[in-house]
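Have a look at the structure below before the remarks.
Hydrogens, waters and symmetry mates play no part in the numbers below; they use all other heavy atoms, side chains included. All values derive from a computational prediction rather than experimental measurement.
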Amino acid sequence: MIASDNLLRFALDLASSVTLEDRFERLIRAVRATIESDAVVLLVHQGEHLQPLAQQGLVDDVMGRRFVIAEHPRFAAICDSYQPVRFPTGSTLPDPYDGMVAGHDDGLPVHACMGIPLYVQGKLLGVVTLDSMTPGVFDDIDSRALDIVATMAAMSLNTAMLLDRLEQKSKHAQNLLVELNEEALLKEGSDMVGNSQSMQTLRQNLELVAPADLAVLIEGETGVGKELVARTLHRLSKRAQAPMVYVNCAAIPENLIESELFGHVKGAFTGADRDRTGKFTLANGGTLFLDEIGELPLEAQGSLLRAIQNQEIQAVGKDTVEYVDVRIVAATNRNLKQEVAEKRFRADLYHRLSVFPITVPPLRERQGDVLLLAGFFAEQLRRKFGLQQITLSASARQQLQQYPWPGNVRELEHVLSRAALLAKQHTNQGITCIDVTHLSDLDAFIAEPEPWDTPAISEDEKDAVETLDLKQVTEAYQRRLIQRALDQSQLNWSQAARLLSMDRANLVRLAKRLGIEVTKQRS
C-alpha cells in the first residue's frame, strides 16, 4: 500500500524541482521513495525508441542505450497500456535490464517488475520502470494510488520537456533536413553521447557558434568524432534546412581538386565528357565541410582561399564567375599552426578557416563517457546482430574505463563490434542474452601491440642531433618505425597501422611524405 502522506511527499518533491536535470533526478527519487524498489528508470518516448533520462540502481552504461520498443516485449506491453503494468512473478518475457542491475552481473533472478506509462492528454511521453529483487512486492499496491503517481509523474515530465523546448529553442529538431547527405546526417550513431565536462564545454561552444555563421575549424585526434561535430554544428545552424556537402580533401587527386570544388564544363580537359557541378555550388545556401583540410596541397590552397574570401567561384573551362553563399567548416587531425610555421600550409588560409576553432577532446580526457558510449554501441550492435541482449560485466566495464583508447571513439566502437561478433559466434543456439566478457577478457580485443626494440640511432641521426636538426631526426625515426611495422606485418598496411595505433589512411599519407614507397606494398 502507498500511504497518503507518501503521496503528499511525492507531490512536494516534484514541485520543488527547478532545472531540467533536477526534475528528472527528483522524479525518480520521489518514485523510489514512494514505491519501494531496487532500480528505477525514467525513459522518454521518442518515436519507436525509449531513451533513459535518469536512473537509480542500474549500471552507468544504461544511460547510453536507446531501446527499440518493438524489440522488448516488456516495454511494448507498458507502452500499449494506459494503466501501470505489473508483470507476474516468473514472467517469461525477457527483461531489457537483464545483466544491468547493479550487483547482479550474472543476470536477473526471479524478481518483481512494474512499468508506469506516462500520458498527458492522451500522448505517451515516457515510462517509469521499477524492479525489485523481492518477488511480488508490487502486487498489493492500490491501483488508485498508482494512478495518482502516474498522473503526477507524467505532468512533471511534461513540464520538464516544455522547459527544455523553451530554453533550447529547438524547433529545428522538428523540421525535415533537406540535404544532399540526409542519410549520413540522420544515420545511426549521430548522437553526441557523453556527459563529461569536456563534452559539455564542446556542446556549449557548438551552440554558441552555430547560429553565428562564422567559419569553424574542428581539430582533434583521429577517431574523436570530428565529422559528427560538423554535422551537429550544421543541424544547430540557421542553414539546417540547406545542404551540408562533404569533401574529403585527402581523397581527391591533386589534378582534380579544382574540378571537384568548383566544377567544370564539358571538354575543359581530357576526360571531361560532361558538365560537372562543383561542391561549392552544391552547398550554396548551406555548409561545405572540408574534412582532412591539412592534406590539401599548397597549390590548391590558393584557389580555395580566393573562393572563401570573395564567395565566388569559376568552374574549370568556364569564363564567367558564380557567386555562392557557403559556410565553411573544416576539420583536421594535424596541428595547422605548426604546418603554417613549417610552410606546409598557407597562413592566410589558416586564419580564414580558424575564425572559431573547436577542439574535440580525446576519449581518455572524457571522464565517465566510456561506459555511456559502450552502452550506446552495445544497443546498436544488439540490433545489428539480431540479439536479445548484449551486456557488459563489471570486469569488462572496469577494463574499458582503464584502457587509454589511443584510437578514441572509433577504436571503442570497433572493439565492441569484434567482441560482440565473437560472442555471437561462440554462443549456443537459442542463447542470445550474452555478456561480452563471458568469452574472454577484453584484453584479447584491446591489448597493446607487442613492444618493439627501440631502433638504434644511426650515424646520420647522431650527426643531425649534433646539429640540432630536430625535424630530420624525427622524420628519420618515424621512417624507421614505419618500415619496421611494415616488415613485421609483411607489408600489410592495415596491420602496420594497428601496430602503430594509427588510422591506415593517415599512415599511408605519412609514409608518402617521408618518402616511403607505398604503391607496391600490400594493403
Side-chain angles (χ1 to χ4, degrees), residues 43 46 48-52 55 58-68 71-72 96-100 105 184-196 198-199 202 220-229 231-232 360-425 427 432-447 498 503:
L43 306 100
Q46 295 183 332
E48 299 176 352
H49 299 75
L50 288 176
Q51 176 183 344
Q55 68 90 13
L58 301 184
V59 295
D60 292 338
D61 67 74
V62 72
M63 295 299 295
R65 297 179 182 253
R66 308 292 184 267
F67 297 99
V68 179
E71 297 175 357
H72 296 282
Y97 304 138
D98 197 11
M100 300 183 202
D105 287 339
L185 285 169
L186 298 179
K187 68 182 181 180
E188 228 179 3
S190 63
D191 291 349
M192 286 183 59
V193 177
N195 295 327
S196 61
S198 57
M199 286 300 290
L202 175 60
E221 299 176 6
T222 296
V224 294
K226 296 185 289 295
E227 182 180 348
L228 172 59
V229 171
R231 293 201 302 266
T232 303
V360 185
L363 186 53
R364 61 182 173 275
E365 294 179 5
R366 295 172 53 179
Q367 187 68 32
D369 285 351
V370 172
L371 291 184
L372 298 185
L373 287 163
F376 181 79
F377 291 136
E379 190 63 20
Q380 285 188 341
L381 292 166
R382 183 195 63 77
R383 295 177 58 196
K384 181 178 181 180
F385 296 151
L387 302 177
Q388 178 179 307
Q389 188 58 282
I390 295 179
T391 60
L392 300 171
S393 70
S395 61
R397 292 192 293 270
Q398 182 179 7
Q399 290 182 73
L400 290 174
Q401 289 178 297
Q402 292 177 345
Y403 183 67
W405 301 110
N408 294 295
V409 179
R410 184 183 296 129
E411 183 184 10
L412 172 61
E413 181 180 8
H414 292 171
V415 163
L416 291 174
S417 297
R418 291 195 298 272
L421 185 61
L422 289 172
K424 179 183 178 183
Q425 178 184 358
T427 300
T432 54
C433 185
I434 59 175
D435 183 338
V436 174
T437 55
H438 286 169
L439 301 175
S440 60
D441 291 336
L442 278 181
D443 292 336
F445 308 113
I446 62 177
R498 286 193 293 271
D503 178 77

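Closest of all the heavy-atom pairs between Met199 and Gly194 is CB-O, 4.0 Å. Of all the heavy atoms in Ile390 and Ala378, the pair that sits closest is CD1-O, 3.9 Å. What you find for Met192 and Thr232 is that their closest heavy atoms are SD-OG1, 3.3 Å.
Two residues are said to be in side-chain contact when any heavy atoms from C-beta on lie closer than 4.5 Å; Leu371 and Val59 fail this criterion. Within the 4.5 Å cutoff, the side chain of Leu400 has heavy atoms near those of the Leu412 side chain. Here the side chains of Val409 and Phe376 are not in contact, with every heavy-atom distance at 4.5 Å or above. Residues Ser417 and Leu381 are in side-chain contact: their nearest non-hydrogen atoms beyond the backbone lie under 4.5 Å apart. At least one side-chain heavy atom of Tyr403 sits under 4.5 Å from a side-chain heavy atom of Glu411. Two residues are said to be in side-chain contact when any heavy atoms from C-beta on lie closer than 4.5 Å; Leu373 and Leu363 meet this criterion.
Taking the side-chain contact (heavy atoms from CB on, under 4.5 Å) definition, one finds that Gln46 meets it with Val44, Gln51, sequence neighbours left out. In this structure Arg366 satisfies the salt bridge (charged side-chain N to carboxylate O under 4.0 Å, His left out) test together with Asp369, sequence neighbours excluded. For Glu71, the side-chain contact (heavy atoms from CB on, under 4.5 Å) partners at least two apart in sequence or on another chain are Val68, Arg382, Arg383.
Here the straight-line distance linking atom OG of Ser198 with atom CD of Glu365 works out to 7.0 Å at 0.5 Å rounding. Atom CD in Gln55 sits 6.5 Å away from atom CE in Met63 (nearest 0.5 Å). Put simply, CZ on Arg397 and OG1 on Thr391 are 8.5 Å apart, with the number rounded to the nearest 0.5 Å. The CG atom of Asp60 sits 11.5 Å away from atom CG of Leu392, with the distance rounded to the nearest 0.5 Å. Asn195 CG to Leu372 CG: the interatomic distance, rounded to the nearest 0.5 Å, is 5.5 Å. Rounded to the nearest 0.5 angstrom, His414 NE2 and Arg418 CZ are separated by 8.0 Å.
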Exercise for review: Evaluate side chain to side chain contact (heavy atoms under 4.5 Å, CB included) for Val62 paired with Phe67, printing each intermediate quantity in order.
Suggested key: CA-CA 10 Å; Val62 72; Phe67 297 99; 4.1 Å; yes

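Screening His49, Glu48, Gln380 for a side chain to side chain contact (heavy atoms under 4.5 Å, CB included) with Arg66, the sole residue that qualifies is His49.
Put simply, the side chain of Asn408 gets close to the backbone of Thr222: a donor and an acceptor are under 3.5 Å apart. Remark: side-chain polar atoms of Trp405 are not paired, donor with acceptor, to backbone N or O of Pro362 under 3.5 angstrom. Within the 3.5 Å criterion, the main-chain N or O of Pro52 finds no donor-acceptor partner in the side chain of Arg65. A donor-acceptor pair under 3.5 Å is absent between the side-chain atoms of Lys226 and the main chain of Val360, judged by distance alone.
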